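Chain letters run A, B, ... following the sequence lines, proteins first and then strands; every chain starts at 1. Everything numeric here is computed off the predicted structure, so don't read it as measured data.
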Amino acid sequence: MPPELTLDEFDPRKIMESGQCFRMKPLSADTVETVAFGRRVAVTDLGGRRFRFDCEPEAFEAVWRDYFDLDRDYRSIAENAPAGDAYLARAIGHARGTRILRQEPWETLCGFILSQRKHLKAIRACVEALCDAFGEPVEGTRRRAFPTPERLAALTEGEARLCGLGYRTPYLLAAARDVASGRLDLAAMDRLPDEELLSRLMGVHGVGVKVAECVMLFGFGRLSRAPVDVWIRRVIDEVYLGVSPFEGYGAYAGIYQQYLFILRRDEAAKRR
DNA sequence: AACCAGGGTGATG
DNA sequence: CATCACCATGGT
């Protein structure tokens, strides 16, 4: 019996379009599918805040409950947003239902290394190409897992480049070698304080502040981190007059950042 | 068909 | 430290 439950402030389709993950895709009007942790799940919106997770109950408890951050009270996070911040209030209204996924650090690191100077669609395409070419099979789907560090570390630059990575190819291989060699122990880094985690991640060739912050937020569950990308830079400049508001946003600054990002990006898209 | 994309690096003031 | 050209491909 696939788990069914009632969830507040949960919108899988919005999460899919949020830009924090690159492998979620629609199966139908009310169902999305993703692959992570070597498993596959399909989430169906049944209406009335009811959702079905198409997976084994053990997998739901072992992986997906945590992955989708289902035990966090996003309603109270929205209600406790900094007062007197009209733009943030609008962003919360617009992006409501988006949660911060707890993704695998390795895949998150690679995904955001590849994300630089790419649209969401293009990131998805090259991540999926990497998985198709070098990932292990996953039960219950024809899609494949994200390739292991060892697998990618063994590739030549020419092989990897076939997946459309462009000039990011050496960056990805550098990350793979760091992790495969043990020089970068992602599992152990889970316990590091924020500043040390940040500097370790930035030690990878091709990883700067922005990518490292994204990995912290989306791959290590550091919800206070607020990556500054081009969209957030515009929000800071246009709305907050050049002064970053994130220092005052507290432990969930990363969640508010995500809402601001989505609003600003979607507003720009509407203008075209 | 130009133009730009959830940036980073290395070289120069 | 601030700035800047350049990076390789794919989408629009």
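Among the nucleotides dT9(B), dG7(B), dA5(B), the one closest to the side chain of Val211(A) is dG7(B).
Taking 4.0 Å as the cutoff to heavy atoms of chain A, we find the contact window on DNA chain C bounded by dC7(C) to dT12(C).
Counting non-hydrogen atoms under 4.0 angstrom, Gly19(A) reaches a base of the nucleic acid. Contact annotation for Ile113(A): no contact, since no heavy-atom pair falls under 4.0 Å across all strands. Within the nucleic acid shown, Glu213(A) has no heavy atom closer than 4.0 Å to any nucleic acid atom. No engagement by Arg124(A) is indicated, since no non-hydrogen atom pair under 4.0 Å with the nucleic acid exists. Among the heavy atoms of the strands, none lies under 4.0 Å from Arg265(A). Lys121(A) comes within 4.0 angstrom of sugar-phosphate atoms only, judged by non-hydrogen atoms across all strands, and of no base.
Using P as the reference atom, dG6(B) and dC6(C) are 22 Å apart when rounded to the nearest Å. Look at the C1' atom in both dT9(B) and dG10(C): the space between them is 22 Å, to the nearest Å. The gap from the P atom of dG11(C) to that of dG8(B) amounts to 22 Å, rounded to the nearest Å.
For dG7(B), the base has a donor-acceptor partner in the side chain of Tyr167(A) [N/O atoms by modelled type, under 3.5 angstrom].
Side chain of Arg39(A) to main chain of Ala36(A): no donor-acceptor pair is present (N/O by atom type, distance under 3.5 Å, no hydrogens or angles). A distance-only check finds no donor-acceptor pair linking the side chain of Arg143(A) to the backbone of Pro137(A) [under 3.5 Å].
A donor and an acceptor atom, one from each side chain of Arg50(A) and Thr6(A), are located under 3.5 Å apart. When only modelled atom types and interatomic distance are considered, Asp69(A) and Tyr74(A) share a side-chain donor-acceptor pair under 3.5 Å.
Listed by first residue number, the stems of DNA chain C with at least three Watson-Crick or G-U pairs below 3.5 Å are B:2-5 with C:9-12, B:7-13 with C:1-7.
Atom CZ of Arg191(A) is separated from atom CG of Asp185(A) by 8.0 Å, given to the nearest 0.5 angstrom.
A salt bridge links Arg40(A) with Glu33(A); the closest basic N to acidic carboxylate O contact falls under 4.0 Å. In this structure, Glu157(A) pairs ionically with Arg161(A), as a charged nitrogen and a carboxylate oxygen lie closer than 4.0 Å.
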Evaluate Phe146(A) against Phe134(A) for ring-ring contact (aromatic ring centres under 6.0 Å, His included), listing each step before the verdict.
CA-CA 8 Å; Phe146(A) 190 85; Phe134(A) 309 116; over 10 Å; no
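In terms of position along DNA chain B, the nucleotide closest to Arg234(A) lies nearer the 5' end than the nucleotide closest to the other residue of the pair Arg234(A) and Val204(A).
Using the six-membered ring where Trp is involved, Phe112(A) and Phe218(A) have ring planes that are parallel, under 30° apart on the 30 and 60° scheme.
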